[in-house]
Asks: 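Pasting in a structure now, in structure tokens, and then I'll have a few things to ask.
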Amino acid sequence: MRIATWNINGAKARLDGALTWLKETNPDVACFQEIKSSNEAFPAAFFEELGYHVAVHGQKGFNGVAVLSKRRFDEVVVRGLPGDDGDAHARYIEVVVPNGSGIVRIGNLYLPNGNPIGTDRFAYKLAWMRRFEARVRELLDLEEAFLLMGDYNVIPESADAKHPDAWREDALFQPETRAAYRALINLGLTDAVRACQPEAGVFTFWDYQAGAWQKDHGIRIDHILLSPQAADRLLGAGIDKFTRGWEKPSDHVPVWVELQDG
DNA sequence: ATGGTTGGTAGCCAA
């Protein structure tokens, strides 16, 4: 089964592009981030027409995540990242979908950007990452196949940026940010794209500004992390770079994995 | 060093 993630940067602005991409690549599951839409305003009916079941954790104007699945799923495990009842940002939704005779759990995340550094926004990013690690530890105890995918807003290594020095003062490339991400990997998760495309210069984001796309000034910040049981089933991973060249593109491109059916 | 662009929403914020 193909499972994909895409920061679409606005469900309304990207509706045509998202539908075109779904028809062209036909993922079994698609996770969207930055839908910038309430649950009510999310255009679920258009996706349902393509055969998807839809679960949304929306927020008007900012943030917001959604999961589309061709296989019917009953279980939305959580809406909103656990661990802080005072956090109103819609940045996490977790579902369980069928995979053959088994199941696969999918956490769809939109990790805080955290800029500028030295502000409460950066502190919020790091606190969010600590809460996320706590959730990952709970999931690992279940010893099941799960994927944690989305816009991590983390550049893991220098090889994940065309010009790493341009990001030295950025929240996405701070030592604390990278250490918090590394801590997740060190729990035993597999970075699917790293495993399948270990070369430098594989990017998922190009800024709208300053001709970043034309100059290939990209970064890799959208990731799919696999539990050991999911990694056992990994057949391939890739990036749909072609969408960045479309009319009215998102500044992010989709990332996907192919998993063996269970 | 600055400004460059896009999206959502209503005179700016977030990225």
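In what follows, chains carry the letters A, B, and so on, assigned in the order in which the sequence lines appear, proteins first and then strands, with residues in each chain numbered from 1.
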Asks: Measuring from the side chain of A:Ala13 (C-beta onward, heavy atoms only), which nucleotide among B:dT9, B:dA15, B:dG8 has the closest atom?
Replies: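 Ranking B:dT9, B:dA15, B:dG8 by closest atom to the A:Ala13 side chain puts B:dG8 first.
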
Asks: Report the distance from atom CG of A:Asp207 to atom C1' of B:dA15, rounded to the nearest whole Å.
Replies: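 Rounding to the nearest Å, CG of A:Asp207 and C1' of B:dA15 are 8 Å apart.
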
Asks: Rounded to whole Å, please give me the gap between NE2 in A:His89 and C1' in B:dA14.
Replies: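 Interatomic distance, NE2 of A:His89 to C1' of B:dA14: 11 Å.
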
Asks: Between A:Ala210 and A:Asn115, which residue's closest nucleotide on DNA chain B lies nearer the 5′ terminus?
Replies: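 Mapping each residue to its closest nucleotide by heavy atoms, the 5'-most match is A:Ala210.
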
Asks: Quick one: do A:Glu157 and A:Arg220 satisfy salt bridge (charged side-chain N to carboxylate O under 4.0 Å, His left out)? Show the steps, please.
Replies: CA-CA 9 Å; A:Glu157 307 286 347; A:Arg220 191 173 74 98; over 6 Å; no

Asks: When the distance from CD of A:Glu34 to P of B:dC13 is rounded to whole Å, what number comes out?
Replies: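 About 17 Å, once rounded to whole Å.
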
Asks: What nucleotide among B:dT9, B:dA15, B:dA14 has an atom nearest to a side-chain atom of A:Phe62?
Replies: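 Selected nucleotide: B:dA14.
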
Asks: Rounded to whole angstroms, how far apart are CD on A:Gln33 and P on B:dA15?
Replies: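 Going from A:Gln33 (CD) to B:dA15 (P), I get 14 Å.
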
Asks: Taking only the side-chain heavy atoms of A:Gln209 (C-beta and beyond), determine which of B:dA15, B:dG7, B:dG4 contains the nearest atom.
Replies: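 The answer is B:dG4, which lies nearest to the side chain.
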
Asks: Check every strand shown and say whether A:Arg91 touches a base, only sugar-phosphate, or nothing at a heavy-atom separation below 4.0 Å.
Replies: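 Sugar-phosphate, no base atom in range.
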
Asks: If you check every side-chain atom of A:Lys12, which of B:dG8, B:dG7, B:dA15 has the closest atom?
Replies: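 Ranking B:dG8, B:dG7, B:dA15 by closest atom to the A:Lys12 side chain puts B:dG8 first.
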
Asks: Would A:Arg168 and A:Asp170 count as a salt bridge (charged side-chain N to carboxylate O under 4.0 Å, His left out) here? Give the steps.
Replies: CA-CA 6 Å; A:Arg168 293 286 171 204; A:Asp170 196 284; over 6 Å; no

Asks: Nearest-Å distance, NE2 (A:His252) to C1' (B:dA15)?
Replies: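 Interatomic distance, NE2 of A:His252 to C1' of B:dA15: 8 Å.
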
Asks: Quantified in whole Å, what is the C1' atom distance between nucleotide B:dT9 and nucleotide B:dA15?
Replies: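 To the nearest whole Å, 15 Å.
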
Asks: Nearest to the side chain of A:Asn63 - B:dT9, B:dG7, B:dA15?
Replies: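 My answer, after comparing the listed nucleotides, is B:dA15.
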
Asks: B:dG4 and B:dA14: how far apart are their C1' atoms, nearest whole angstrom?
Replies: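 Pairwise C1' distance, B:dG4 against B:dA14, rounds to 16 Å.
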
Asks: For the side chain of A:Tyr208, starting at C-beta, report the closest nucleotide among B:dT9, B:dA15, B:dT6.
Replies: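 The listed nucleotide nearest to A:Tyr208's side chain is B:dT6.
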
Asks: Between A:Gly114 and A:Ala11, which residue's closest nucleotide on DNA chain B lies nearer the 5′ terminus?
Replies: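 Checking each residue's closest nucleotide, the 5'-ward one belongs to A:Ala11.
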
Asks: For B:dT6 and B:dT2, measure between their P atoms and round to the nearest Å.
Replies: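 B:dT6 and B:dT2 have their P atoms separated by 23 Å.
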
Asks: Between A:His89 and A:Phe62, does the ring centre distance come in under 6.0 Å?
Replies: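 For A:His89 and A:Phe62, the ring centres are not under 6.0 Å apart.
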
Asks: Within the structure, does a side-chain N or O atom of A:Arg121 lie under 4.0 Å from either OP1 or OP2 of B:dA14?
Replies: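 Checking B:dA14 against A:Arg121, a side-chain N or O does come within under 4.0 Å of OP1 or OP2.
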
Asks: Figure out the NZ/P separation between A:Lys36 and B:dA10, and round it to whole Å.
Replies: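 It works out to 14 Å between those atoms.
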
Asks: Just how far, in rounded Å, is C1' of B:dT9 from NZ of A:Lys60?
Replies: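 These atoms are roughly 8 Å apart.
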
Asks: Rounded to whole angstroms, how far apart are CD1 on A:Ile155 and P on B:dA15?
Replies: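 My rounded result for the distance is 15 Å.
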
Asks: Any base atoms under 4.0 Å from A:Tyr110, or only sugar-phosphate, or nothing? Heavy atoms, all strands.
Replies: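 Result for A:Tyr110 = sugar-phosphate.
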
Asks: Assert yes or no for the condition that the ring centre distance of A:Tyr92 to A:Tyr110 is strictly below 6.0 Å.
Replies: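 No, too far apart.
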
Asks: Assign the ring pair A:Trp128 / A:Phe132 to parallel, tilted or perpendicular, where the plane angle (0 to 90°) is split at 30° and 60°.
Replies: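 Parallel, since the angle between the ring planes stays under 30°.
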
Asks: Would one find a side-chain N or O of A:Lys248 under 4.0 angstrom from OP1 or OP2 of B:dG7?
Replies: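 It does, given that an N or O in the side chain of A:Lys248 lies less than 4.0 Å from OP1 or OP2 of B:dG7.
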
Asks: Tell me whether the rings of A:Phe42 and A:Phe32 are parallel (<30°), tilted (30 to 60°) or perpendicular (>60°).
Replies: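 Tilted, since the angle between the ring planes falls between 30° and 60°.
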
